Colleague: 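Dropping a structure here in structure tokens format, bear with me for questions.
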Amino acid sequence: MQFNTAQRELTLKIVYYGPGLSGKTTNLRALYQRIQPALRGHLMTLDTADDRTLFFDTLPLVFKSGNLKVKLKLFTVPGQVMHNSTRRIVLQGADAIAFVADSQPAKRQENYKYWMNMVENLKMNGLSIDSLPCVVQWNKKDLGDATTAESVAKMRGENKQPVFEAVAVRGEGVVETFLALVDLTFEAIDKTYLLRDKIGLDRQAFIEEVRRCLVDPPRIEDILPPRGGGKNGSGAGGSGVGGDPSSMAGGA
Amino acid sequence: MAESILQKKLVLGELLDLPTFTQVCKTFVDLYKIGLKVFDANGTKLVDIKIASGDFCAYMFTEPNGRRLCTETVTHIKVRPLEEPQIAVRNCFSGLRYLMLPILYEGDMLGRIIFGPFFPEDVGDLGQDLKSLEGEFDLAKARDLIGRIRRAPESTVRKVLDHFARLVDVLVFTSHKALITSQLHIESVTESYREVQEKNKKLSEALERLQELSRLKSNFLATVSHELRTPLTSVIGYSEMLLAGLAGELNDEQKDYLKTILDKGESLLRLISSILDLSRIEARGVQLQRNVVDVNDILQAAVESVLPQSFKKKLTVSTEVSPSIQRVHVDPDKIRQCVINLLSNSVKFTPAGGHIAVRAGPAQHAPQNAGPFGGAGYFQIQVEDNGIGIPKELQSKVFDTFFQADSSASREYGGAGLGLSIVKSYVEAHGGGISVRSEPGKGSVFTLVVPIEPPGAPLESSLRGVQ
């Protein structure tokens, strides 16, 4: 995070992480479509001939919140296994993570492996998943099965990260994931920089500003729990908070 | 890691290839006959192309007041703060005009474009400020010189400026993309090289350590084998010879005594083997020889090794392997030893006629540090019996070395309390864990949870252990 107090400028780096082909770039493309054209920068995609992300994708969003200039820089990492060093570089200085998991049953173990890979790469950058704002998006909800639903419910039950379901290719759940993550991120940086006390910027006002950057944004209360409540979100068409903690990590 | 290009502030002069960019600017100036300047965010001039205004401006510079006013205008267009993506206007004292537009990229101001001077159509004659300097300048000459400068409606120049700004935006974006691609490629290669170097160093150190440990291990095992096993083998051997009647006929009481000596001798041999296992673990940790194996094969081999004892006690032993777990990447000898130790305990502590079940399947509970997707990366093996069970208060201690639930001198069951400790060491060496659920009088369930693949295994490996 870069906070230039003299110029009243806040730059946040949000990274979309996850297995190859889980839909990270699709998330960014869908989000690009939903951001007011005047506020978004270029969607830069460094991809290969076969349409796989080579280095990363980036999408800047610039807006004013009160008299603070805010720059949200969204990145995706390349999902292909061979690009681990690039994933590590892209994670450098990350302020928040959206982990895009693949709902397809055959990809279950990939999700686990990339999560552990992310934890390791964060550690190499001096960061920790325990202190970094993070949401999990189960993308390709339409390709999941009953065991996926069970895993999602279990994860919600664990109450560690807000969990969303999405079909990014249709734009479903994308904005919800993004807004929830921005909200968590603001909460985290506010603890350090006391933005409310110092420049009178509170969480509600901030998230409303981000909402205003979007075309047809969802209501915050439909995405996030009441302030002071748990961290779970329900996501697009999500089945709400639930799950049985005793049946967590159900394997196959 | 070194700071990435992604973290660095962009500088316009580094993004654009200035000679090429200047050529592009020249074509614009030639086409529209209006001067063009480009400054970076620090006020450094990158491009400055004049057309037709040179003589007029030079004439204005010949007198002190003209020089002063001219400098004011030039300073203004160069440093006036521009934040909004809107065209700003600056009128020169002479009646000429400049239009300015910031180059904004990803919310940062990279520089500014200045179009001018041009002679706006809405201005009929020289500017009032210049006319007021009639004593210093020959206004007829000034009119002649200014007439050579492009006369155009401001709205037209605005359109041209807007068009040029879009072109610059594309150039900046394209250059930024190319810069990132090349720089990140270098960073990735550097990072991969660093990683390989680090791993090579670790491998080299590990090799040295292993060679040293291997030497120590060989010495230790040779010593122990000789010092403990040799005399014990004699005890067992001579007992067997006596029992076979090689030293003469024995009566029944003598045979019973000898059978006890033989039985205890074999127990002692097993105990020594366990102590050797534990010594190895303590000396150098558990060294795993991982292979991709079938869980079912491990279970079958383990069950076969306890069948004779279970048969003696008339115990039934069943196995069940979930089809969703097939191949796993573990040390098969260690995992088999774990299952054998658990089965041996079950056989020992289950009354005659009891039942033992061995089950393998997806993990129901992943270790705490496994992350939210942990369940997908682990499998479990459960050994369940309907034996005497373990009191709740002792369940957390059963994995301690030398621990026995019944430590009284008159205890009914034998053993040194090493079996579960070894199981724990082996399972933890795999990155897994062991737990027990038990109720006195009803039985016990021991559960091993083991990663399907080594934690931190390369992403490209894929066992598809879980279907």
Side-chain angles (χ1 to χ4, degrees), chain A residues 2 9 11 13 19-20 38 41-42 44 46 54-56 58 60-63 69-71 73 75 81-86 88-90 92-93 99 101 105-106 108-120 124-125 129 136 151 154-155 158 160-161 163 246-252, chain B residues 1 3-7 83 85 104-108 169-170 172-173 176-177 180-181 184-185 187-195 322-325 361-367 369-380 452-453 455-467:
Chain A
Q2 294 163 350
E9 194 174 284
T11 306
K13 182 175 184 180
H42 295 281
M44 186 190 286
L46 304 177
L54 176 60
F55 284 123
F56 60 88
T58 173
L61 167 62
V62 184
F63 63 93
K69 183 176 172 186
V70 182
K71 289 192 269 184
K73 293 191 170 179
F75 289 82
V81 289
M82 61 184 168
H83 294 311
N84 194 41
S85 53
T86 311
R88 196 177 299 149
I89 291 166
V90 175
Q92 196 178 85
F99 188 89
R108 198 75 43 82
Q109 208 176 338
E110 289 283 290
N111 293 333
Y112 161 74
K113 289 168 78 171
Y114 272 79
W115 178 274
M116 297 311 278
N117 173 257
M118 176 184 76
V119 170
E120 182 62 23
M124 298 286 280
N125 274 301
I129 193 63
V136 172
S151 297
K154 278 176 190 163
M155 198 177 281
E158 286 172 9
K160 285 180 182 166
Q161 294 89 14
V163 177
S246 67
S247 61
M248 60 182 276
Chain B
M1 279 196 298
E3 190 186 43
S4 167
I5 179 79
L6 303 178
Q7 307 292 102
E83 278 300 322
L104 292 170
Y105 184 73
E106 295 190 349
D108 290 322
D169 185 53
V170 171
V172 167
F173 175 65
H176 186 211
K177 192 170 172 176
I180 281 185
T181 307
L184 215 67
H185 181 70
E187 286 180 25
S188 300
V189 170
T190 308
E191 178 63 12
S192 298
Y193 179 72
R194 187 197 61 75
E195 207 173 331
S322 162
S324 61
I325 288 290
Q364 297 298 314
H365 298 271
N369 60 354
F373 296 100
Y378 292 77
F379 73 100
Q380 68 178 33
I452 294 168
E453 289 177 75
L459 290 170
E460 57 267 33
S461 71
S462 181
L463 286 178
R464 304 200 181 282
V466 178
Q467 301 292 303

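Predicted model only: the values in this text are computed from it and were never measured.
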Colleague: By a 4.5 Å heavy-atom criterion (distance strictly below it), what part of A:Met116 contacts chain B: side chain, backbone, both, or neither?
Modeller: side chain

Colleague: CD/A:Glu9 to CG/B:Asp108 distance, rounded to the nearest 0.5 angstrom?
Modeller: 6.0 Å

Colleague: Below 4.5 Å, heavy-atom pairs only: which of A:Thr86, A:Val70, A:Asn111, A:Val90 has the largest tally toward chain B?
Modeller: A:Asn111

Colleague: Write down the atom of A:Glu158, the atom of B:Pro372, and the distance for their closest heavy-atom approach.
Modeller: OE1-CA, 4.0 Å

Colleague: Return the minimal non-hydrogen interatomic distance between B:Glu191 and A:Ser85, and the atom names on each side.
Modeller: CG-CB, 3.5 Å

Colleague: Which atoms of B:Phe379 are under 4.5 Å from chain A, going by heavy atoms: the side chain, the backbone, both sets, or neither?
Modeller: neither

Colleague: Look up atom CZ in A:Arg88 and atom OG in B:Ser4, then write down how far apart they are to the nearest 0.5 Å.
Modeller: 13.0 Å

Colleague: Where do B:His185 and A:Leu46 land on the side-chain contact (heavy atoms from CB on, under 4.5 Å) test, with the steps shown first?
Modeller: CA-CA 11 Å; B:His185 181 70; A:Leu46 304 177; over 6 Å; no

Colleague: Would you mind checking which part of A:Phe99 comes under 4.5 Å of any heavy atom in chain B, side chain (CB onward), backbone (N, CA, C, O), both or neither?
Modeller: side chain

Colleague: For B:Lys177 and A:His42, run side-chain contact (heavy atoms from CB on, under 4.5 Å): C-alpha distance rounded to whole Å, both residues' side-chain angles, the deciding distance at 0.1 Å, then the answer.
Modeller: CA-CA 10 Å; B:Lys177 192 170 172 176; A:His42 295 281; over 6 Å; no

Colleague: What are the two closest non-hydrogen atoms of B:Ser188 and A:Ile89, and how far apart are they?
Modeller: N-CD1, 3.6 Å

Colleague: For residues A:Lys73 and B:Glu106, determine if any side-chain heavy atom of one lies less than 4.5 Å from a side-chain heavy atom of the other.
Modeller: yes

Colleague: Which heavy atom of B:Glu453 sits nearest to which heavy atom of A:Lys113, and what is that distance?
Modeller: OE2-NZ, 3.5 Å

